[in-house]
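Letters A, B, ... are given to chains in the order of the sequence lines, protein chains preceding strands, and every chain is numbered from 1.
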Number of protein chains: 2
Amino acid sequence: MNTTIGTEMVQIESKRTFDQPPAAAQTAPNEGRGDFDARLNRILNAATAVIARVGYEKASMRMVAKEAGVSLAGIYHYFDSKEKMLFLIQFRSFNALLNGLREKLHHVADPVEQLRLMVRSHTNYFVANMAALKVCSHELDSLSGDAYAETLAIRRQYYDLTRGIIDRVFEKYAPNSPADRHVATMCLFGALNWLYRWYDPKRGRSPNVLANQIATQFLQGILGVSPPEEPSPPPPA
Amino acid sequence: MNTTIGTEMVQIESKRTFDQPPAAAQTAPNEGRGDFDARLNRILNAATAVIARVGYEKASMRMVAKEAGVSLAGIYHYFDSKEKMLFLIQFRSFNALLNGLREKLHHVADPVEQLRLMVRSHTNYFVANMAALKVCSHELDSLSGDAYAETLAIRRQYYDLTRGIIDRVFEKYAPNSPADRHVATMCLFGALNWLYRWYDPKRGRSPNVLANQIATQFLQGILGVSPPEEPSPPPPA
DNA sequence: GTATGTCGAACGAACGTTCGTTCTAATTCA
DNA sequence: TGAATTAGAACGAACGTTCGTTCGACATAC
């Protein structure tokens, strides 16, 4: 099915199949789908909140049903299983994260600025979707089989995208650094993925200040000197 | 009860109470305790392995019993409950980590060297006790009530110890840095606690090289320049 | 216009399984 | 013998999932 995530469309499998062209499926061609999607999103959001609160294993389908205001059996009209439900949550988030970053990177060429962008993008998405990103960070191994492989593939793309930026930063500004690029990348992911354990946007520094410090620390850490500061307003958009 | 962890002794509560002096507790004064402790450790190690493998909620007491080669009911002679068992695992690890670091810090005065020591100590403990530290990093919220509060208190001590080092690094080498000390500290913990997700000592760089890179990146990150390198061999032990 | 048929959506109830924990009786060891 | 410790059966509770049914909106037939 086509589900809107942020601004991009991604293919997501749900229970509904579209082997037949959906032309004459409904009299009101969009109203039926709207109902379906609205309810799907409501359940997914409820599930995300519950899983973020108590963890995947402790989160029961009954809790999700209560939080979503839906019957227990009603949930199974949208997912085959609890595991597929978790898969959808993670898949949607990782896709949004990945596609959002890809799009933004087109407007920036310098690798240092790209890395700042990556950190800012990740932090902002985290602040806007705390529960979802907590589920993504904490329940990485709760899937198995094909579902796990599929999320792993997306995470791998996100890693490769970030790793490429870091490689270019090294190449351009510290080509002779002995630092292991993989270790450096995972340190950055560690700092970012650990956010869900401690960062509260309502109590701490603003997301932008936080992102700036993380990015600056990381860049100084691998380059050994203060990297060029953010150039005053970017060239005409 | 007194249980040996690494080289230090820590107070740990288990099922056995010592309201009575343990003098005449057993005919063989040390052999009985040895049996008890050996079996306790065997069960704890088995539980650590199982929980690290499948997670706390999915880890059943039956799995632990099988892994330890003990009957299901037999486990409950050593713990009141599954939660107390997890508590003991975390409590022992955090205590070992904390006391190990405290002891080592006595031999070093410069805060930069102290921080390198902290990273090396943490990394080495991780490599030597991968399953335990995975359980400590991943199951932080699986406890509740008093057990949670108690582990939180130890973690707080570990944070304070590290935070103090970082504060002194700033004070001595970059007193005017606008960086938030708390954010800096949590970035370091993020990089360290994320290790269990990706680092395999058998496949990647050696623990010492890894620790060096993490420490150097962090120090450069907050100081903006390469910090003084490790002084050649330490003074006579 | 009304009755009939169809289909997806949603429901409460129940299924079989597994969980943490407890009970009881047998066994072990000094 | 007697105290300590075991294994295995059994408990109630909670789990994910399925079942048979009902509801309501729309299409068709008369």
Side-chain angles (χ1 to χ4, degrees), chain A residues 1 14-20 22-43 46-47 50-51 54-87 142-144 147, chain B residues 14-17 20 22 24-40 42-43 46-47 50-51 54-88 142-144 147:
Chain A
M1 65 171 295
S14 87
K15 251 195 149 175
R16 192 180 270 191
T17 59
F18 291 99
D19 301 342
Q20 306 277 7
Q26 300 276 357
T27 50
N30 53 358
E31 203 257 13
R33 280 301 302 279
D35 271 12
F36 184 88
D37 284 5
R39 217 175 162 87
L40 174 76
N41 282 327
R42 194 147 61 89
I43 297 176
V50 171
I51 295 175
V54 305
Y56 173 70
E57 289 296 337
K58 271 198 120 174
S60 72
M61 297 302 263
R62 288 165 178 82
M63 294 186 204
V64 174
K66 182 164 286 184
E67 179 105 359
V70 172
S71 77
L72 176 60
I75 293 182
Y76 286 90
H77 283 274
Y78 297 90
F79 317 110
D80 286 334
S81 66
K82 186 187 180 187
E83 191 173 5
K84 281 265 169 59
M85 185 181 72
L86 174 63
F87 168 76
S142 298
L143 294 177
S144 64
Chain B
S14 86
K15 247 193 154 177
R16 191 179 273 191
T17 59
Q20 308 276 10
Q26 300 276 353
T27 50
N30 53 357
E31 206 258 11
R33 280 302 303 280
D35 272 13
F36 185 88
D37 284 5
R39 220 177 162 84
L40 174 76
R42 194 145 62 88
I43 297 175
V50 171
I51 295 175
V54 305
Y56 173 70
E57 290 295 337
K58 271 197 118 173
S60 70
M61 298 301 264
R62 288 165 177 82
M63 292 185 205
V64 175
K66 182 164 287 186
E67 179 104 1
V70 170
S71 78
L72 177 59
I75 291 182
Y76 285 89
H77 283 271
Y78 298 90
F79 317 110
D80 286 334
S81 66
K82 185 186 181 188
E83 191 173 4
K84 281 266 170 55
M85 186 180 72
L86 174 62
F87 168 75
L88 267 189
S142 298
L143 294 177
S144 64

Can you tabulate the close N/O pairs, meaning under 3.5 Å, that link protein atoms to atoms of nucleotides 22-25 of chain D?
none

[X] side-chain proximity, nearest of [options]:
| X | options | answer |
| --- | --- | --- |
| A:Tyr76 | C:dG12, C:dT21, D:dT17 | D:dT17 |
| B:Ala73 | D:dA7, C:dA10, C:dT21 | D:dA7 |
| B:Lys82 | C:dT21, C:dC23, D:dT6 | C:dT21 |

For atom [atom1] of [X] and atom [atom2] of [N], their distance in whole Å:
| X | N | atom1 | atom2 | value |
| --- | --- | --- | --- | --- |
| B:Lys84 | C:dG20 | NZ | C1' | 14 Å |
| A:Leu72 | D:dT17 | CG | P | 10 Å |
| B:Arg39 | C:dT28 | CZ | C1' | 12 Å |
| A:Ile75 | C:dG12 | CD1 | C1' | 14 Å |

Approximate separation, where rounding is to 0.5 Å, of [X] [atom1] and [Y] [atom2]:
| X | Y | atom1 | atom2 | answer |
| --- | --- | --- | --- | --- |
| A:Leu86 | A:Leu143 | CG | CG | 4.5 Å |
| B:Tyr76 | B:Ser71 | OH | OG | 11.0 Å |
| A:Asp80 | A:Met85 | CG | CE | 12.5 Å |

### Message
Under the salt bridge (charged side-chain N to carboxylate O under 4.0 Å, His left out) definition, can you give me all pairs with a residue in residues 69-79 of chain A, not counting sequence neighbours?
### Response
none

### Of all pairs that satisfy salt bridge (charged side-chain N to carboxylate O under 4.0 Å, His left out), the ones with a partner from residues 63-74 of chain A, not counting sequence neighbours
A:Arg53-A:Glu67

### Query
Is there a donor and acceptor pair closer than 3.5 Å between the side chain of A:His77 and the base of C:dA10?
yes

### Query
Are any of the side-chain heavy atoms of B:Tyr78 and B:Val70 separated by less than 4.5 Å?
no

#### Entry: side-chain N/O A:Tyr78 vs C:dA10 OP1/OP2, d < 4.0 Å
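Answer yes for this pair, as a side-chain N or O of A:Tyr78 is under 4.0 Å from OP1 or OP2.
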
Would you mind writing out the side-chain donor-acceptor pairs for residues 56-65 of chain A within the sub-3.5 Å range, not counting sequence neighbours?
| residue | atom | partner | partner atom | Å |
| --- | --- | --- | --- | --- |
| A:Tyr56 | OH | A:Glu83 | N | 3.3 |
| A:Ser60 | OG | A:Arg62 | N | 3.4 |
| A:Ser60 | OG | A:Met63 | N | 3.1 |

### Message
Can you list, in residue-number order, the parts of residues 57-68 of chain B that come under 4.0 Å of DNA chain C, counting heavy atoms only?
### Response
B:Ala59, B:Ser60, B:Met61, B:Arg62

### Query
Any idea which heavy atoms bring B:Phe79 and B:Leu88 closest together, and the distance?
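Taking every non-hydrogen atom into account, CE2-CD1, 3.6 Å.
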
